[in-house]
S.K.: 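Here it is, the structure, as structure tokens.
Everything numeric in this text was worked out from a predicted model, so none of it was measured.
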Amino acid sequence: MRRLSALTAAMLAASGATAGGMIVNSPQINSMGGAGVASSSALNPAMITPIRGEYDFDLTIGSGTLFLEDPNGFAFNLQQFLDEDLETYQDFDYGQLNTSASNLADAAGDTADAANNFDETDSSTLDDLRAAQQNQTAATNETQGSVGNYRGLVESTEKTFRAFSDRPVNFGLLAGLGLTMPRGDVPFAIALSNNTYGGARLNLQESDLQNLNFVLDDLDDYLEAVEELNQRLETLVDAAEAFEAAPNDAGAQSAFEDARDDFDAQRAVVESFNSENELFVGGEVDDDADILTFDEEDLDSTIDLLGANITELAFGSGMDFPNVYGNLSVGATAKIQYIQVFGDVIAFDDADSVDASFINENTNEYVAVNLDIGVAQSFQQPGLGMFSVGAVVKDLIPQSFESGDGRDIDIGPKVRAGVSHQTRLTRVTMDIDLTENDPIGFGVPTRYFGIGGEFNAWDWARFRAGYRNNLAVDDASIITAGIGLTPWVTQLEFSGWYKPNSEDEVDLLLNTGFSADFAVRF
């Protein structure tokens with residue numbers, strides 16, 4: 001149980017995220033549903049222009065974002081397995097099943113006595129045999145019910161064990177600093193960041209389900225023996241009725257005696273039933289049987305880890321093109337990247353000893369360049385505020401990298417479009433990914449839709465809230481919120497988000513995030 005509990009921690013040690021999607025290190029954007037293509041230079045370099053720039057000078061002294069994603073319910077299924085199925089399976093009381101088996105053996109013994117006492121000339125003995133048949137049928141139904149209940153538990157345990165396999169868990173850690181000066185003859189932005197992306201998943205080996213399958217096989221074999229006994233009982237009663245109807249028929253007598261012998265033989269099989277995998281010994285469940293143990297030390301399943309650490313130096317700039325509709329801004333960001341691609345396969349029985357040192361193992365290093373480009377068009381409406389539409393292409397140059405253990409990570413172009421509306425006191429923005437983006441490492445594809453709003457209170461506090469949904473998978477919506485405080489020329493921003501329909505505390509923990517920064521802006 002301890003190693004199973006350590007599985008979650010080991011998977012989180014993968015240090016990763018769905019980095020193929022556009023999750024940025026900005027509390028302002030993250031608190032507004034991740035939307036900002038038409039309103040923020042953190043997503044769109046077209047905003048690095050004199051007209052677009054919200055401040056003359058923007059120095060981000062430090063920013064950080066941490067988030068966890070469990071889009072397929074790994075934590076919930078693991079918790080259900082540990083707290084419900086596995087515990088119930090290991091603590092199952094076999095008394096009821098063995099009591100049912102014992103009652104069936106007693107009933108079959110009474111039937112055998114009634115068959116031995118049968119007299120074809122005495123109808124009362126046939127009535128006794130029929131009564132014994134009813135009692136044995138009831139005992140058979142009780143036994144089949146008890147076996148069926150346990151069989152259902154074993155099947156549920158196997159199903160739940162399978163349910164948390166191949167459900168990637170993702171984790172993101174982003175950190176950076178930067179300077180943006182949009183005003184002047186040559187507006188520019190420069191940023192340095194270090195972001196770790198990736199994911200982990202459990203690879204279930206069928207050998208780890210072998211004991212459960214052995215239990216199911218033995219239960220099926222026992223049920224088959226019980227059903228055969230029931231069928232031979234029916235044949236016995238039918239033969240007795242035929243013999244009573246024709247007491248002088250030698251053939252009827254022979255058929256009855258054969259049916260009685262067959263019944264006695266099968267009764268002996270059921271009463272002393274020994275199953276192939278030794279779940280049943282002497283007609284009862286051996287609760288010390290080896291196949292009833294779940295030894296975590298012997299599991300063959302593995303945990304796959306794959307991800308990348310990207311250190312990036314980015315230079316961006318933009319230009320304004322006033323027009324009859326308002327203003328068109330065009331911008332680009334060139335990025336120099338040092339990329340470490342790591343991967344590892346961890347044996348399940350080593351899960352509780354995993355730490356971040358695996359990043360230094362099976363790691364390949366690369367230096368690469370890439371490019372982001374963006375556009376934005378504003379429409380100023382007197383008395384109605386400013387409307388903007390924008391689009392951005394991130395990582396314009398598709399690239400592929402290989403981890404030290406030979407697995408590929410692809411980084412491809414990602415396209416997002418958005419709209420926004422801004423007044424002196426409010427901002428509303430909405431984005432949607434136009435491409436479905438594969439993750440770095442293990443994870444689910446992402447195609448985000450986000451919407452959020454901001455209220456400027458007293459010019460020194462901004463309250464934000466939003467909603468984001470991953471359209472590429474089911475049940476992947478989050479609620480976001482945040483605040484920006486601007487005492488004097490400094491600014492502190494915080495944001496957080498969570499999955500509103502999380503099943504429990506663990507599920508909530510694995511679908512949440514936090515972002516913060518500290519900046520000097522004027």
S.K.: Restricting to non-hydrogen atoms, name the atom on Ala108 and the atom on Leu229 that form the minimum distance, rounded to 0.1 Å.
M.R.: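 In terms of heavy atoms, the two residues are closest at CB-CD2, 4.2 Å.
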S.K.: Any ion pair linking Asp475 and Lys499 (charged N to carboxylate O, less than 4.0 Å)?
M.R.: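 Salt bridge: yes.
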S.K.: Measure the CD-CG distance between Glu284 and Asn98 for me, rounded to the nearest 0.5 Å.
M.R.: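 If I round to the nearest 0.5 Å, the distance is 4.5 Å.
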S.K.: Would you please say whether a donor-acceptor pair under 3.5 Å links the side chains of Asp408 and Ser400?
M.R.: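 There is no such pair between these side chains.
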S.K.: Between Glu454 and Arg462, is there a salt bridge with N-O shorter than 4.0 Å?
M.R.: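 Result for this pair is yes, salt bridge flagged.
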S.K.: For Asn470 and Pro445, indicate whether the former's side chain and the latter's backbone hold a donor-acceptor pair under 3.5 Å.
M.R.: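 Yes; judged by distance alone, with no hydrogens or angles, the pair exists.
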S.K.: Regarding Gln337 and Glu312, do their side chains bring together a donor and an acceptor under 3.5 Å, going by distance alone?
M.R.: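 Yes, Glu312 and Gln337 have a side-chain donor paired with an acceptor closer than 3.5 Å.
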S.K.: Distance from Arg447 atom CZ to Arg416 atom CZ, nearest 0.5 Å?
M.R.: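 So the gap between those two atoms works out to 11.0 Å.
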S.K.: With side chains defined as the heavy atoms from C-beta onward, is the minimum distance between Ile29 and Leu43 less than 4.5 Å?
M.R.: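 A side-chain contact under 4.5 Å exists here.
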S.K.: Evaluate the side-chain proximity of Glu158 to Asn213: yes if any heavy-atom separation is below 4.5 Å, no if none is.
M.R.: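 Asn213 reaches Glu158 side chain to side chain.
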S.K.: CD1/Ile409 to CD/Gln399 distance, rounded to the nearest 0.5 angstrom?
M.R.: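 Rounded to the nearest 0.5 Å, the CD1-CD separation comes to 12.5 Å.
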S.K.: Go through Val345 and Ile303 one step at a time and tell me if the side-chain contact (heavy atoms from CB on, under 4.5 Å) criterion holds.
M.R.: CA-CA 6 Å; Val345 178; Ile303 304 167; over 6 Å; no
S.K.: Considering non-hydrogen atoms only, spot the tightest contact between Asp431 and Gly418 and give its length.
M.R.: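 What the structure gives for the nearest pair is OD1-CA, 3.3 Å.
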S.K.: For residues Leu305 and Phe342, determine if any side-chain heavy atom of one lies less than 4.5 Å from a side-chain heavy atom of the other.
M.R.: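 No, their side chains stay 4.5 Å or more apart.
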S.K.: Can you establish whether the number of heavy atoms outside Gln96 located under 6.0 Å from its atom CD is more than 12?
M.R.: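 Atom CD in Gln96 is not packed in, count stays at 12 or less.
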S.K.: Would you check if the side chain of Thr99 reaches a backbone N or O of Gly95 as a donor-acceptor pair within less than 3.5 Å?
M.R.: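 Here the side-chain-to-backbone pair exists.
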S.K.: So, do Phe401 and Ile339 sit near enough that their side-chain heavy atoms are less than 4.5 Å apart?
M.R.: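 Yes. Closest side-chain heavy atoms under 4.5 Å.
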S.K.: In this structure, is the centre-to-centre distance between the rings of Tyr150 and Phe92 below 6.0 Å?
M.R.: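 Ring-ring flag for Phe92/Tyr150: true, centres closer than 6.0 Å.
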S.K.: State plainly whether the residues Arg468 and Glu69 are in salt-bridge range, i.e. N to O under 4.0 Å.
M.R.: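 Judged by the 4.0 Å cut-off on N to carboxylate O distance, Arg468 and Glu69 do form a salt bridge.
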S.K.: Donor-acceptor pair, Ser301 side chain versus Gln205 backbone, under 3.5 Å?
M.R.: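 Flag set: sc Ser301 to bb Gln205 pair under 3.5 Å.
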S.K.: Return the set of residues passing ring pair (Phe, Tyr, Trp, His ring centres under 6.0 Å) with Tyr222 (not counting sequence neighbours), or none when no residue passes.
M.R.: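 Result, ring pair (Phe, Tyr, Trp, His ring centres under 6.0 Å) vs Tyr222: Phe273, Phe280.
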S.K.: Does any N or O in the side chain of Ser272 come within less than 3.5 Å of the main-chain N or O of Gly283, such that one atom is a donor and the other an acceptor?
M.R.: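 Absent.
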S.K.: Can you find a heavy atom in the side chain of Leu212 that is under 4.5 Å from one in the side chain of Phe214?
M.R.: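 SC-SC contact between Leu212 and Phe214 ruled out.
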S.K.: Counting C-beta onward and ignoring hydrogens, is there a side-chain heavy-atom pair between Asp395 and Lys335 closer than 4.5 Å?
M.R.: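 In short, these two side chains touch, coming nearer than 4.5 Å.
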S.K.: With no hydrogens and no angle check, is any side-chain donor or acceptor of Asn44 less than 3.5 Å from a backbone partner on Ser40?
M.R.: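 Judged by distance alone, no pair lies under 3.5 Å.
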S.K.: Assess the residue pair Ser146 and Ser100 against the criterion (side chain to side chain donor-acceptor pair (under 3.5 Å)); give the C-alpha distance rounded to whole Å, side-chain angles, the decisive distance to 0.1 Å, and a yes or no.
M.R.: CA-CA 7 Å; Ser146 297; Ser100 299; 2.8 Å; yes
S.K.: Would you kindly say whether Ser39 and Ser420 are connected by a side-chain donor-acceptor distance under 3.5 Å?
M.R.: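 No, no side-chain donor-acceptor pair sits under 3.5 Å.
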S.K.: Between CG of Asn469 and OG1 of Thr446, what distance do you get to the nearest 0.5 Å?
M.R.: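 One gets 11.5 Å once the value is rounded to the nearest 0.5 Å.
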S.K.: Is the closest side-chain heavy-atom distance between Asn211 and Val215 below 4.5 Å?
M.R.: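 Side-chain contact under 4.5 Å: no.
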S.K.: Not counting sequence neighbours, which residues clear side-chain hydrogen bond (donor to acceptor under 3.5 Å, both in side chains) with Ser207? List them please.
M.R.: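 Ser207: side-chain hydrogen bond (donor to acceptor under 3.5 Å, both in side chains) contacts with Asp300.
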S.K.: Checking side-chain contact (heavy atoms from CB on, under 4.5 Å) for the pair Thr363/Asn309: CA distance, chi angles, key distance, verdict?
M.R.: CA-CA 10 Å; Thr363 298; Asn309 186 76; over 6 Å; no
S.K.: Run the side chain to side chain donor-acceptor pair (under 3.5 Å) test on Asn277 and Ser275 for me, step by step, so that the C-alpha distance in whole Å, both residues' side-chain angles and the decisive distance to 0.1 Å come before the verdict.
M.R.: CA-CA 6 Å; Asn277 302 299; Ser275 58; over 6 Å; no
S.K.: Do you know which two heavy atoms are closest between Pro500 and Ser477, and how far apart they sit?
M.R.: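 What the structure gives for the nearest pair is CD-O, 3.5 Å.
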S.K.: Please step through side chain to side chain donor-acceptor pair (under 3.5 Å) for the pair Asn25 and Ser63, ending with a clear verdict.
M.R.: CA-CA 7 Å; Asn25 187 16; Ser63 63; 2.8 Å; yes
S.K.: What heavy-atom pair brings Ala112 and Asp264 nearest, and what distance separates the two atoms?
M.R.: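 Scanning both residues, the minimum pair turns out to be CB-OD1, 3.6 Å.
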S.K.: Look at Lys414 together with Asp433 and state whether they make a salt bridge at an N to O cut-off of under 4.0 Å.
M.R.: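 A salt bridge is absent here (no side-chain N lies under 4.0 Å from a carboxylate O).
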S.K.: When rounded to the nearest 0.5 angstrom, what is the spacing between OG1 in Thr140 and CG in Asn230?
M.R.: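 Rounded to the nearest 0.5 Å, the OG1-CG separation comes out at 5.0 Å.
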S.K.: Does the Asn274 side chain pair with the main chain of Gly282, one donor and one acceptor, at a distance under 3.5 Å?
M.R.: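 A pair under 3.5 Å: yes.
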S.K.: Can you name the closest pair of heavy atoms from Gly198 and Asn170 and give their distance?
M.R.: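 In this case the closest contact between Gly198 and Asn170 is O-OD1, 3.6 Å.
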S.K.: To check you understand the geometry: which heavy-atom pair defines the closest contact between Tyr366 and Glu402, and what is its length?
M.R.: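 That closest heavy-atom pairing would be OH-O, 2.9 Å.
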S.K.: Can you list every salt bridge (Lys or Arg N to Asp or Glu O under 4.0 Å) pair that touches residues 211-224, not counting sequence neighbours?
M.R.: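 Applying salt bridge (Lys or Arg N to Asp or Glu O under 4.0 Å) to every pair that reaches into residues 211-224, excluding sequence neighbours, yields Arg151-Asp220.
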S.K.: Kindly write out the residues that satisfy side-chain hydrogen bond (donor to acceptor under 3.5 Å, both in side chains) with Thr235, not counting sequence neighbours, or none if the list is empty.
M.R.: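 For Thr235, no residue satisfies side-chain hydrogen bond (donor to acceptor under 3.5 Å, both in side chains) once neighbours in sequence are set aside.
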S.K.: Could you tell me whether Gln144 atom CD has more than 12 heavy atoms of other residues or ligands within 6.0 Å of it?
M.R.: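 Yes - once you tally the heavy atoms of other residues, nucleotides and ligands closer than 6.0 Å, there are more than 12.
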S.K.: Between Asp372 (side chain) and Thr333 (backbone), is there a donor-acceptor pair under 3.5 Å?
M.R.: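 Looks like no, no N/O pair under 3.5 Å.
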S.K.: Ser193: which residues meet the side-chain hydrogen bond (donor to acceptor under 3.5 Å, both in side chains) condition with it, sequence neighbours left out?
M.R.: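 Result, side-chain hydrogen bond (donor to acceptor under 3.5 Å, both in side chains) vs Ser193: none returned.
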S.K.: Show your working on side-chain contact (heavy atoms from CB on, under 4.5 Å) between Gln28 and Arg427 and close with a plain yes or no.
M.R.: CA-CA 11 Å; Gln28 176 187 1; Arg427 185 202 310 263; 3.9 Å; yes
S.K.: Any sub-3.5 Å donor-acceptor pair from Ser31's side-chain atoms to Thr480's backbone N or O?
M.R.: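 It does not hold such a pair.
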S.K.: For side-chain contact (heavy atoms from CB on, under 4.5 Å), just list the numbers for Leu177 and Asp517, CA-CA rounded to whole Å, side-chain angles, deciding distance to a tenth of an Å, and then say yes or no.
M.R.: CA-CA 9 Å; Leu177 51 85; Asp517 71 17; over 6 Å; no
S.K.: Does Glu206 have any side-chain hydrogen bond (donor to acceptor under 3.5 Å, both in side chains) partners at least two apart in sequence or in another chain, and if so, which?
M.R.: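 Glu206 satisfies side-chain hydrogen bond (donor to acceptor under 3.5 Å, both in side chains) with Arg162 once adjacent residues are dropped.
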S.K.: Quick one, Gln136 with Thr111, criterion side chain to side chain donor-acceptor pair (under 3.5 Å). Give me CA distance, side-chain angles, the key distance, then yes/no.
M.R.: CA-CA 7 Å; Gln136 183 176 330; Thr111 301; 2.7 Å; yes
S.K.: Under 4.5 Å between any side-chain heavy atoms of Val270 and Leu104, yes or no?
M.R.: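 The answer is yes, as the side chains (C-beta and beyond) meet within the 4.5 Å cut-off.
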S.K.: Rounded to the nearest 0.5 Å, how far apart are OH of Tyr94 and CG of Asp287?
M.R.: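 One finds 7.0 Å between OH of Tyr94 and CG of Asp287.
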